[in-house]
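Predicted, not measured: the structure shown is a model, and the values here were computed from it. Here is how names work: the chains are called A, B, and so on, in the same order as the sequence lines, proteins then strands, and each is numbered from 1.
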There are 2 protein chains.
Amino acid sequence: MSSQYTFTGQFTFSIDSKNRINIPAPLRKQFLTKDKKTFVVTRGIDQCAWIYPINEWNFIQNELKQLSSLSKTNRIFLRNHLRHANILKFDSQGRFVLPQSLIDYSAIKKDVTIIGVLNKIEIWNPNLLRKIDQSDEIDDQSYEELSERVNI
Amino acid sequence: MSSQYTFTGQFTFSIDSKNRINIPAPLRKQFLTKDKKTFVVTRGIDQCAWIYPINEWNFIQNELKQLSSLSKTNRIFLRNHLRHANILKFDSQGRFVLPQSLIDYSAIKKDVTIIGVLNKIEIWNPNLLRKIDQSDEIDDQSYEELSERVNI
DNA sequence: AAATTAACCCACTATTAACCACTTATCTTA
DNA sequence: TAAGATAAGTGGTTAATAGTGGGTTAATTT
């Protein structure tokens, strides 16, 4: 089953003195109907934070539950993926507090860029995103490979 | 049936003069509704202590019963996993006393890092966890193998 | 019986979460 | 298009909770 979420768009907001970040209204609306304000923030694979709606996260968890802790690789993988995951809700204003560890990891100062990426939302330091944007070009070869799998 | 627990997140607490450790509130809440404060602490496979809610532990015991003691590996494995298991409850403040043998095994001094790993909770010496974090990188080959089994 | 350990209780402090309030932007309707 | 109404983004205050420390009594152990 593919995801029911369709997060798109880019927004630049600010993080306040209490480490609160506002979820842009267009994105937030998708939560309210389906998940009652609950979501998961965790480390992204790149230097940013990822937000998953809770039932999207539940799907991931079920996958992870298949892994036995007798395997060393599994233990490391599980630990490192789960310990940075925080289950949160946003407040009546639609904000949430970003945990300090993720602020550090994402090198977030005053402003944040929030982008919708289908089934997840990414929180970036605007400068880092800009830098990535310039250096992480997709080469022609990779585009060719993508074209075999995705038809857009 | 897969586990009903979804421990996640990382917390750094301290162990007090009476060897008491506080369970972080977000994790503790999952006990109160389901297991009435009873849990099992035992040796982790890595140099840490593992906490299982009691009915999770019961499930694991059933798994272990499948292993025949005719096998030497099984005998050693069973012995080492069962003899260090302590059934405990936490007090009215949500704390429990970590047995001295596990303090020694985990090399715990003043601070502890507590992390949620789905169906169990791990108690670490912060320095050891940091060291593991750096040395135990998962190599590309292992990631490839994981990708065959887990789709996230 | 003394000593150690465990259970229970109380209390302080810092952090967090719930609440309220204001400003700016967007939308609606005359 | 102007004005009012609604929603969105931001900021601060207060009340509740979480983490920590310690003391007292009961239970075990030696």
Side-chain angles (χ1 to χ4, degrees), chain A residues 7-33 35-41 51 54 85-104 108-116 121 123-124 126, chain B residues 7-33 35-41 49 51 54 85-104 108-116 121 123-126:
Chain A
F7 299 123
T8 57
Q10 173 166 330
F11 312 83
T12 294
F13 281 10
S14 60
I15 187 171
D16 71 14
S17 59
K18 290 154 85 183
N19 292 346
R20 291 180 299 193
I21 293 179
N22 204 338
I23 298 276
L27 306 180
R28 196 193 312 144
K29 278 172 185 158
Q30 293 194 45
F31 284 89
L32 293 171
T33 54
D35 273 328
K36 298 175 184 167
K37 306 183 178 181
T38 304
F39 59 92
V40 168
V41 212
I51 295 179
I54 187 65
N86 303 79
I87 300 177
L88 301 178
K89 295 185 180 186
F90 35 72
D91 66 18
S92 51
Q93 267 72 16
R95 297 169 292 189
F96 70 97
V97 325
L98 187 64
Q100 188 62 46
S101 62
L102 290 174
I103 291 179
D104 298 340
I108 282 168
K109 308 297 174 202
K110 181 79 189 89
D111 293 323
V112 292
T113 297
I114 303 169
I115 61 188
I121 295 169
I123 312 274
W124 283 87
Chain B
F7 299 123
T8 62
Q10 174 167 324
F11 313 82
T12 294
F13 281 10
S14 59
I15 187 170
D16 71 15
S17 58
K18 292 151 97 177
N19 291 347
R20 292 179 299 192
I21 294 178
N22 204 341
I23 298 276
L27 306 180
R28 196 192 314 142
K29 278 172 187 157
Q30 293 194 46
F31 284 88
L32 293 171
T33 53
D35 272 328
K36 298 174 183 166
K37 307 183 179 181
T38 304
F39 59 92
V40 168
V41 211
I51 295 178
I54 187 65
N86 303 271
I87 299 178
L88 300 178
K89 295 186 181 186
F90 36 73
D91 66 18
S92 52
Q93 265 73 15
R95 297 171 291 191
F96 70 97
V97 324
L98 188 64
Q100 189 61 45
S101 64
L102 289 173
I103 292 179
D104 297 341
I108 282 169
K109 308 295 175 205
K110 180 79 190 89
D111 293 322
V112 293
T113 296
I114 303 169
I115 64 187
I121 295 169
I123 313 274
W124 282 88
N125 173 327

(message) Any heavy-atom pair between the side chains of B/Val41 and B/Ile123 that's under 4.5 Å?
(response) no

(request) Check A/Gln93, A/Arg28, A/Arg95 against A/Asn22 for a side-chain hydrogen bond (donor to acceptor under 3.5 Å, both in side chains) and give me the one that passes. (result) A/Arg28

(message) Whole angstroms only, please: what is the CZ-P distance between B/Arg20 and C/dA6?
(response) 12 Å

(message) Please report the distance, rounded to the nearest Å, between CG in B/Asp91 and C1' in D/dA26.
(response) 16 Å

(message) In this structure, how many angstroms lie between the P atom of D/dT10 and the CD1 atom of A/Ile23, rounded?
(response) 12 Å

(message) Using the side-chain heavy atoms of A/Arg28, tell me which of these nucleotides is nearest: D/dG9, D/dG11, D/dG19.
(response) D/dG9

(message) Using whole Å, what does the distance between atom P of nucleotide C/dT24 and atom CZ of A/Phe13 come to?
(response) 16 Å

(request) Specify the separation, in whole Å, of atom CG of B/Asp111 and atom C1' of D/dT20. (result) 12 Å

(request) Could you work out which one of D/dA8, C/dA18, D/dG19 sits closest to the side chain of B/Pro24? (result) D/dG19

(request) Starting from P on D/dT10, measure out to CZ on A/Phe96 and report it in whole angstrom. (result) 13 Å

(request) Please determine, for the side chain of B/Gln93, which listed nucleotide (C/dA21, D/dT20, D/dG22) has the closest atom? (result) D/dT20

(request) Under 4.0 Å between any heavy atoms, over every strand shown, what does B/Asn22 touch: base, sugar-phosphate, or nothing? Just pick one. (result) base

(message) Would you say that B/Phe39 contacts B/Ile121 through its side chain, given a criterion of any heavy-atom pair below 4.5 Å between the two side chains?
(response) no

(message) What is the separation between atom CD1 on B/Ile21 and atom P on D/dT20, rounded to the nearest whole Å?
(response) 10 Å

(request) Indicate yes or no: at least one non-hydrogen side-chain atom of A/Thr113 is less than 4.5 angstrom from one of A/Gln10. (result) yes

(request) Quickly work out the A/Ile15 CD1 to D/dG12 C1' distance and round it to whole Å. (result) 17 Å

(message) Measuring to OP1 and OP2 of D/dA18, would you say a side-chain N or O of B/Arg95 lies under 4.0 angstrom away?
(response) no

(request) Could you please name the option among D/dA18, D/dG11, D/dG12 that lies closest to any side-chain atom of A/Ser14? (result) D/dG11

(message) So, OP1 or OP2 of D/dT10: does either fall under 4.0 Å of a side-chain N or O from A/Lys110?
(response) no

(message) Quick check for you: among D/dG9, C/dC9, D/dT24, whose closest atom lies nearest to any side-chain atom of B/Ser92?
(response) C/dC9

(request) Rounded to the nearest 0.5 Å, what's the gap from CZ on A/Phe11 to CG on A/Leu27? Could you check? (result) 4.5 Å

(request) Would you kindly check whether a donor in the side chain of A/Lys18 faces an acceptor in the base of C/dT15, or vice versa, at under 3.5 angstrom? (result) no

